[in-house]
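Keep in mind it's a predicted model, so treat the numbers as computed, not measured. Any value given below was found using the heavy atoms of this structure, including those in side chains, with hydrogens, waters and symmetry copies removed. Naming convention: chains lettered A, B, ... in sequence-line order (proteins, then strands); numbering from 1 in each chain.
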Amino acid sequence: MEDHNSERSQHLTMIDGAMALIFVLLTVQVWLLSATLDTFLAGHREAALPGAIVSGLLFLGCAVLYRFITRAERRSG
Amino acid sequence: MKTDPVERKPLWREEFSIFKADEKYVSRRQLTKFLTLTSLGMFAGNIWILAKSWMYKEPSYPVKAVAKVAEIPVGGVKLFQYPGPEDQCILVRTAEDAYVAYSQKCTHLSCAVFYSKENNRIECPCHEGYFSIKDGSVLQGPPTRPLPRVVLERRGPELIAIRMQQEPEG
Ligand code: FES
């Protein structure tokens, strides 16, 4: 039981770290979406492609972090 | 026929754990999953903007007489619709021989703007957004984009609208 709990708290630290990073990425992504929409509505269409690429990269970052958590969990059984 | 106890653990025991650390862990993992899905949603939003910008076609504007020169005094205003019947615009005669026209829809939250003769600027009554009468650029307030301008041409006694211009020139 002790072992189980210490393993879980280790996981908790890991998931907290990943969650904090995801929060940061998400904040940047929200800002990016609103900025791209604003420039698009202002008639500047050239910002749409870089916006989509960076947003895709940010999503990829989130997905990798989530995968890291689930993998670590699976590895430890 | 012995199976691994980890595999046999039912889902409900994982989701409704009796261990405190387990419980915290599962709820945070679910939150992480939710945040990742939110990130996917944001990405989809950016893709939507990209698709819209690719599908965008430069609109063709009608050439339309919007006012007679004689009907507006200096400092006077006339409202008209351009390019469509739903698109309200405002025309101001700023000097004897100078006319400007803008879309009447505020670029903040679409309230109808009006011309303030005392301050010689276009004002929005909703959140005190002010626009320059010269080029429609933002002078103050929450709007971040200038008012779209109606490009006018004088043909004899008439003022003709030719097209819309989103950004001030220069
Ligand atoms: S709607 Fe015009 S300033 Fe807000």
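Contacts with chain A (heavy atom to heavy atom, under 4.5 Å) involve these residues of residues 31-45 of chain B, listed by number: B/L31, B/T32, B/K33, B/L35, B/T36, B/T38, B/S39, B/L40, B/M42, B/F43, B/G45.
Neither the backbone nor the side chain of B/T107 comes within less than 4.5 Å of any heavy atom of chain A. Proximity to chain B involves both the backbone and the side chain of A/V30, based on heavy atoms less than 4.5 angstrom apart. The parts of A/D38 that come within reach of chain B are both its backbone and its side chain, each placing non-hydrogen atoms under 4.5 angstrom from that chain. With a threshold of 4.5 angstrom between heavy atoms, A/I22 approaches chain B through side-chain atoms but not through N, CA, C or O. Neither the backbone nor the side chain of A/I53 has a heavy atom closer than 4.5 Å to any heavy atom of chain B. Heavy-atom distances place both the backbone and the side chain of A/L49 under 4.5 Å from chain B.
Within 6.0 Å of CD in B/E128 there are 12 or fewer heavy atoms belonging to other residues, nucleotides or ligands. By the 6.0 Å contact criterion, NZ on B/K52 is open, its count of non-hydrogen atoms from other residues, nucleotides or ligands being 12 or less.
B/I49 contributes atom CD1, which lies 7.5 Å from atom OG1 of A/T39 (distance to the nearest 0.5 angstrom). The CD1 atom of B/I47 lies 11.0 Å from the CZ atom of A/F59; values are rounded to the nearest 0.5 Å.
Of all heavy-atom pairs spanning B/L50 and A/A52, the tightest one is CD2-CB, 4.0 Å.
A/F23 and A/L57 are not part of a single hydrophobic cluster, where members link through side-chain heavy atoms under 4.5 Å apart. Residue B/L79 is grouped with residue B/I122 when hydrophobic side chains (ILVMFWY) are merged at heavy-atom distances under 4.5 angstrom, including chains of intermediate members. Both B/V66 and B/V69 are part of a single hydrophobic cluster, where members link through side-chain heavy atoms under 4.5 Å apart. In the hydrophobic cluster analysis, where Ile, Leu, Val, Met, Phe, Trp and Tyr join through side-chain heavy atoms closer than 4.5 angstrom, A/W31 is grouped together with A/L21. Linking Ile, Leu, Val, Met, Phe, Trp and Tyr residues whenever their side-chain heavy atoms come within less than 4.5 Å leaves B/L91 and B/Y102 in two separate clusters.
Counting heavy-atom pairs under 4.5 Å between each of A/G61, A/A63, A/G56 and chain B puts A/G56 at the top.
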